[in-house]
2 protein chains.
Amino acid sequence: MQETVLTGALEDYLETVYQLVQSRKLARVKDIARARSVRAGSVSPAMRRLADLGMIRYVQREYIDLTPLGEEHARRILARHRILTRFFREILQVTPETAEADACAMEHSLSAEGMDHLTRLFEFLRVCPDGRKFLSSFHSCPRIQPASAECMLHHRDGTEAIDGKGGTTRSVADLKPGQKGRVTQVSGEGPIRRRLLDMGILPDTTIELERVAPTGDPIWIKLEGMQLSLRRKEASLVSVLAA
Amino acid sequence: MQETVLTGALEDYLETVYQLVQSRKLARVKDIARARSVRAGSVSPAMRRLADLGMIRYVQREYIDLTPLGEEHARRILARHRILTRFFREILQVTPETAEADACAMEHSLSAEGMDHLTRLFEFLRVCPDGRKFLSSFHSCPRIQPASAECMLHHRDGTEAIDGKGGTTRSVADLKPGQKGRVTQVSGEGPIRRRLLDMGILPDTTIELERVAPTGDPIWIKLEGMQLSLRRKEASLVSVLAA
DNA sequence: TAATGTTATTAGCTTTGTCTAACATGAGCG
DNA sequence: CGCTCATGTTAGACAAAGCTAATAACATTA
Ligand SMILES: [Mn+2]
Ligand SMILES: [Mn+2]
Ligand SMILES: [Mn+2]
Ligand SMILES: [Mn+2]
């Protein structure tokens, strides 16, 4: 009955118990184990810990029951789980299973403030006319599905709108050695896009083209004091605003 | 040199080492400890584990250096950290420290797909004209700051646009006992809003008004088979579309 | 009632990650 | 040269989670 510091794992157990009680009126160790993909031997000690924290009523060998406190917590976790899953699925259009997994990891660590603001964004996107218009524009943008020149143009316009004075947007591959640019977007898909993002090529980072191999193919850039090499193909996916 | 399964904690150590090497050219145990808020005694074993995984070059008592593999990983984590922080700050307008903390937790667990799509949303919001328009409408909506009747109206219009056939939007407090409604938005701020969200009152959930206390103040609702009681003040913050 | 099978608990082991406190190392100074 | 202090390492304890394998308890069936 103390400070109620539930760990992520315990929160997941609690969520599971809550859902089992809801759906089939009783929570058995075996079902909890199956739902969480752990062995029964791991469940018993977890239940003892939850009972010690005043979250469940746990008489050994009997069915497990939530206390009002536990129910409150469980409902909170589940609400987070649900809204996060929906955000990943409906807004970001992530694969259902991935959405589920990401949400179930995030639900334990996201601050109340972050949760609150994210929910606001979610509501706004579905309820507000501006949000709904934006959302359909976002989802119909070919970059989410396959890439297309048409949308590039669309984005290029946007980019020029950003800085107002309409600097020229080009790809990193088109910079001259020594020239710098501010990244506006990273195109491409799947592994190639991820590799670029993983290297730290993000919107608003500054890239300097250091040198180009004689053949023209590997290109060396400087990014936050770090030298990286890119293939020309990759470099052409990075749009920059010449600085 | 095996499967490269870095835990969250090790990823944070790696990120810290990377940043220290960048900023002051060398990483000392003491500085790592300070940066991560742990004791020096925890750092040494962590460094050994990172060395075993081929991430750092670690000769005891000497300065710590990243291997190319470690550098690649560190850059990836840091890129995630940065873009997530910016999402929380610039899009969701979360307090800087909270944004930092939320990002630093999320960076370890978010899937590549989730990361990719979130980055896309981020880019889209800053680069596309539609996104930029939406963003300024989102941020200027008084609900993010103090609540206002004006914006309620704004939202009401949107709600009616949602279901097309223009059902009437009212608050839960205005339902009659036995009547059901689908939640369209949860207003209010801070703790009160959070309490409602924590109870599971989210957009698109169905609420039935069960009964109202004689005095009119506590109100009992049914939400996903669960009975909850709300104060009238809270209930009036929940907009529903009568079903 | 006795045998059998299912389910739950326990004991013992592992890994991760933290702490404290004791100890080791080396640099600089007297 | 030897002392002192800052820094780094180690040992030992602990808590959280998980696993396996042995055992206990219950329920069902013969
Ligand atoms: Mn979870
Ligand atoms: Mn969950
Ligand atoms: Mn982190
Ligand atoms: Mn981080």
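Letters go in sequence order (proteins before strands), and every chain restarts at 1.
Here the side chain of B:Glu107 pairs no donor or acceptor atom with the backbone of B:Leu78 at under 3.5 angstrom. A donor-acceptor contact shorter than 3.5 Å is absent between the side chain of B:Arg57 and the backbone of B:Asp65. For the pair B:Glu234 (side chain) and B:Arg231 (backbone), a donor-acceptor distance under 3.5 Å is present. A donor-acceptor pair under 3.5 Å is absent between the side-chain atoms of A:Asp102 and the main chain of B:Leu110, judged by distance alone.
Atom pair B:His108:NE2 and C:dG17:P shows a separation of 11 Å (rounding to whole Å applied). Put simply, CZ on B:Arg49 is 17 Å from P on C:dT14, counting in whole angstrom units. Between the CE atom of A:Met47 and the C1' atom of C:dA8 there is a distance of 12 Å, given to the nearest Å. Between the CG atom of B:Asp52 and the C1' atom of C:dT16 there is a distance of 14 Å, given to the nearest Å.
A:Glu15 and A:His73 share no side-chain donor-acceptor pair at under 3.5 Å. Residues B:Thr95 and A:Glu113 have side chains that bring a donor and an acceptor to within less than 3.5 angstrom of each other.
The six-membered or imidazole ring of A:Phe124 lies near that of B:Phe134, with a centre-to-centre distance under 6.0 Å.
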Determine, step by step, whether B:Arg126 and B:Glu90 satisfy the salt bridge (Lys or Arg N to Asp or Glu O under 4.0 Å) criterion, reporting the C-alpha distance in whole Å, the side-chain angles of both residues, the deciding distance to 0.1 Å, and the verdict.
-> CA-CA 10 Å; B:Arg126 325 218 85 221; B:Glu90 298 172 26; 3.4 Å; yes
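Residues from residues 10-23 of chain B that place a heavy atom under 4.0 Å from any atom of DNA chain C, listed by number: B:Leu10, B:Tyr13.
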Under a 4.0 Å heavy-atom criterion, the protein footprint on nucleotides 5-13 of chain D, written with B, S and -, is --SBBB---
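Remark: A:Arg39 is not in phosphate contact with D:dG18, judged by side-chain N or O atoms under 4.0 Å from OP1 or OP2.
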